[in-house]
Novice: 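Before anything else, here's the structure in question.
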Amino acid sequence: MADRKGAPPRAWQRMLSGRRLDLLNPSPLDIEITDIAHGLARVARWNGQTRGDHAFSVAQHSILVTNIFTRITKAPQPEHRLAALLHDAAEYVIGDMISPFKAVVGGGYKSVEAALQHAIHIRFGLPAELPVGLHKEIKHADAVTAWYEAIGLAGFDEIEAARYFRRPRGTYTDGAVLQPKPAHAIQAEFLELFEALENERRTPERS
């Protein structure tokens, strides 16, 4: 809705860090990892239709994807694991829209999501567009994670889950990591993993 002077609708969001992020033309300079962790820890996966006393958040999903990616990828570099951790980072602004609704909404949503994701990558020293091979490996880990979540949290049986998600060939996780955690706890875990990966990236290679 335009203001009284006929200005275009507001397209930015004020973050708790104090940053003002333009959703249509996001600048990497306005992106902070603390805002991402705070937001993702409070965005529910599966539209909140999961078992447990807490929502299973996108932050917790992202940690699980990173762990599974690390297991199924041969010798992943810290920056590759960081890309896995941040694979849904745009959702700290736009929320987690379930896949069926994304298909209905189409291009407009996807273009905003892509612009935000590109800015996030640049902010943290990753390519705006990930290499195709790395992108596929992260999507594979994401699909495997979704399979575990579907049967462990979201009410799918294994046959139904196998129709829509990638059934794992091995065992990559256990029930403990699927226990939804409080927002403040998973926010701290997300930041802790981010810092660990950043420290690995800064550490010179040993001979």
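No experiment lies behind these values; they were computed from the predicted model shown.
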Novice: I would like to know whether Trp12 and Leu23 meet side chain to side chain contact (heavy atoms under 4.5 Å, CB included); could you show each step before the answer?
Specialist: CA-CA 5 Å; Trp12 55 265; Leu23 306 185; 5.7 Å; no
Novice: Specify the closest pair of heavy atoms between Val65 and Ala84, including all atoms of both residues, with the distance to one decimal.
Specialist: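 Looking at all heavy atoms of both residues, the shortest contact is CG1-O, 4.3 Å.
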Novice: Do the ring centers of Phe165 and Phe156 come within less than 6.0 Å of each other?
Specialist: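 Yes: the rings meet the under 6.0 Å criterion.
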Novice: Does any non-hydrogen side-chain atom of His80 lie less than 4.5 Å from one of Phe69?
Specialist: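 The answer is yes; the side chains approach within 4.5 Å.
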Novice: Of all heavy-atom pairs between Leu86 and Phe190, which one has the smallest distance, and what is that distance?
Specialist: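 Closest approach of Leu86 to Phe190, heavy atoms only: CD2-CZ, 4.2 Å.
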Novice: Find the distance between CD1 (Ile94) and CD (Gln117) and round it off to the nearest 0.5 Å.
Specialist: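 Reported to 0.5 Å precision, the distance equals 8.5 Å.
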Novice: Atom NE2 of His121 and atom CG of Leu82: how far apart are they, to the nearest 0.5 Å?
Specialist: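 Going from the NE2 atom of His121 to the CG atom of Leu82 covers 8.0 Å.
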Novice: Do you know the tightest heavy-atom contact between Arg20 and Asp30?
Specialist: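 The answer is O-OD2, 3.3 Å.
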Novice: Going by atom type alone, with no hydrogens or angles, which donor-acceptor pairs under 3.5 Å involve a side-chain atom of residues 192-199 and a protein atom two or more places apart or on another chain?
Specialist:
residue: Glu198; atom: OE1; partner: Arg201; partner atom: NH1; Å: 2.8
residue: Asn199; atom: OD1; partner: Arg202; partner atom: NH2; Å: 2.4
residue: Asn199; atom: ND2; partner: Glu195; partner atom: O; Å: 3.3

Novice: Using 0.5 Å steps for rounding, measure from the CD atom of Gln13 to the CG atom of Asp22.
Specialist: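 Spacing of CD (Gln13) from CG (Asp22) equals 11.5 Å.
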Novice: May I ask you to test the Tyr92-Val58 pair for a side-chain heavy-atom distance under 4.5 Å?
Specialist: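 The answer is no; the side chains never approach within 4.5 Å.
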Novice: So, for Ala119 and Pro26, which heavy atoms are closest and what is the spacing to 0.1 Å?
Specialist: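 Where Ala119 meets Pro26 most closely, the heavy atoms are CB-O, 3.8 Å.
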Novice: With heavy-atom distances below 4.5 Å as the criterion, would you say the side chains of Glu129 and His118 are in contact?
Specialist: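 The answer is yes; the side chains approach within 4.5 Å.
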Novice: Are the side chains of Asp157 and Ile151 in contact, using a 4.5 Å heavy-atom criterion?
Specialist: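 The answer is no, as the side chains (C-beta and beyond) never meet within the 4.5 Å cut-off.
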Novice: Would you say Arg81's side chain and Leu85's backbone share a donor-acceptor pair under 3.5 angstrom?
Specialist: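 No: the side chain of Arg81 does not pair with the backbone of Leu85.
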Novice: To the closest 0.5 Å, what do you measure between CG (Asn67) and OG1 (Thr145)?
Specialist: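 It is 8.5 Å, given to the nearest 0.5 Å.
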Novice: Counting distance only, does the side-chain N/O of His54 pair as donor-acceptor with the main-chain N or O of Pro180 below 3.5 Å?
Specialist: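 Answer holds: no.
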Novice: State, to 0.1 Å, how close Phe124 and Glu32 come at their nearest heavy-atom pair, and which atoms those are.
Specialist: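 Closest approach of Phe124 to Glu32, heavy atoms only: CZ-C, 4.3 Å.
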Novice: Starting from Ile31, can I reach Leu130 by hopping between I/L/V/M/F/W/Y residues whose side chains sit under 4.5 Å apart?
Specialist: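 Leu130 and Ile31: separate clusters.
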Novice: When rounded to the nearest 0.5 angstrom, what distance separates CZ in Arg167 from CD in Glu158?
Specialist: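 If we round to the nearest 0.5 Å, Arg167:CZ and Glu158:CD are 5.5 Å apart.
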Novice: Measure the spacing between CD of Gln187 and NE2 of His38 and express it to the nearest 0.5 Å.
Specialist: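 The CD atom of Gln187 sits 6.0 Å away from the NE2 atom of His38.
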Novice: For a quick check under 3.5 Å, do Asp88 and Ser62 share a side-chain donor-acceptor pair by atom type?
Specialist: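 No pair is found: no donor N or O on one side chain lies under 3.5 Å from an acceptor on the other.
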Novice: So which atom in Glu113 and which in Ala90 form the shortest heavy-atom distance, rounded to 0.1 Å?
Specialist: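 Where Glu113 meets Ala90 most closely, the heavy atoms are O-CB, 3.9 Å.
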Novice: Please tabulate, for side-chain N and O atoms in residues 132-144, each donor-acceptor pair with protein atoms closer than 3.5 Å (sequence neighbours left out).
Specialist:
residue: Asp142; atom: OD1; partner: His61; partner atom: NE2; Å: 2.9
residue: Asp142; atom: OD1; partner: His87; partner atom: NE2; Å: 3.4

Novice: Assess the residue pair Arg45 and Gln60 against the criterion (side-chain hydrogen bond (donor to acceptor under 3.5 Å, both in side chains)); give the C-alpha distance rounded to whole Å, side-chain angles, the decisive distance to 0.1 Å, and a yes or no.
Specialist: CA-CA 9 Å; Arg45 290 271 293 168; Gln60 190 165 355; over 6 Å; no
Novice: Among the clusters formed by ILVMFWY side chains lying less than 4.5 Å apart, do Leu21 and Ile122 turn up in the same one?
Specialist: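 No, Leu21 does not connect to Ile122 through the hydrophobic network.
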